[in-house]
Amino acid sequence: MKKVLSSVVVASAFMASMAFASNEVKVGSLKIENPQARATVPAQKMSGGFMKIENAGAADKLISASSSVSKSMELHTMSMENNVMKMREVKAIELPAKSTVELKPGGLHLMFIDLNKQLNAGDIIPIKLKFEKAGEVEVKFQVMGNKPPAHGQPGHDHSKHH
Ligand SMILES: [Cu+2]
C-alpha cells in the first residue's frame, strides 16, 4: 500500500493521507471503515470492492450497492467448491447485532458489473450503499492495487477472480 502511494502519487501524498484519514463513514449504528476497490486494467469489466462494517446496534443487512462507474453492482460471496474458488451473488450481506463484518478478497465483496471506466490506483469512487435499517449512505472507495501489467494482460489477481 505504501509502495503504491509513493510511486504513483508522490506529489499528492498529503492529499492522499487526508483521504485516508476521512475514510470512515457512520450511518445509524454502523461504521464503515477502509472502503477500497481494486484497480483494473484497460477493458476489464469487473472489479471488487471491500470494506469493514462495524455494527454497534441491532442486526441489519446490506441490501444493495450502486456506483456511477459501473452498470450495476452485486453483493458476492466467495467459497471453495471442489478446490476451486467460486463466487456467487447473495441477496444481502447480514450484519448481526454488535458485530463486525469484513468484506475482503477471498470472501464477501462488492462486485462492479460492466465497468464504464478503468479504475486506477488513487481514484476515489463514490458508492451508494443501502442498508435495510440504517438506510442509504454514500461512501468514497479508494482504488488500491497493482499497476497494470506492461502488455495489458490481466494481473494474477483478476484471473483468479473470474
Ligand atoms: Cu465477485
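All ligand and atom numbering here is 1-based and tracks the order in the structure. One is the number of the first residue; the rest follow in order along the sequence.
- Looking at residues two or more places apart in sequence or on another chain, you find a side-chain contact (heavy atoms from CB on, under 4.5 Å) between K26 and E24, K31.
- Annotation for F141 and M51: closest pair CZ-SD, 3.8 Å, computed over non-hydrogen atoms.
- Every residue two or more places apart in sequence or in another chain that forms a side-chain contact (heavy atoms from CB on, under 4.5 Å) with K104 is listed here: E102.
- Here the angle at the Cu ion (ligand 1) defined by SD in M87 and NE2 in H109 stands at 90°, rounded to 10 degrees.
- Taking 2.8 Å as the threshold, M46 does not count as a candidate ligand of the Cu ion (ligand 1), since none of its N, O or S atoms lies below it.
- Connection of I63 to V101 is not established within any shared hydrophobic cluster, with ILVMFWY side chains joined at heavy-atom distances below 4.5 Å, either directly or through further cluster members.
- Its N, O or S atom nearest to the Cu ion (ligand 1) is what matters here, and for H76 that atom is ND1.
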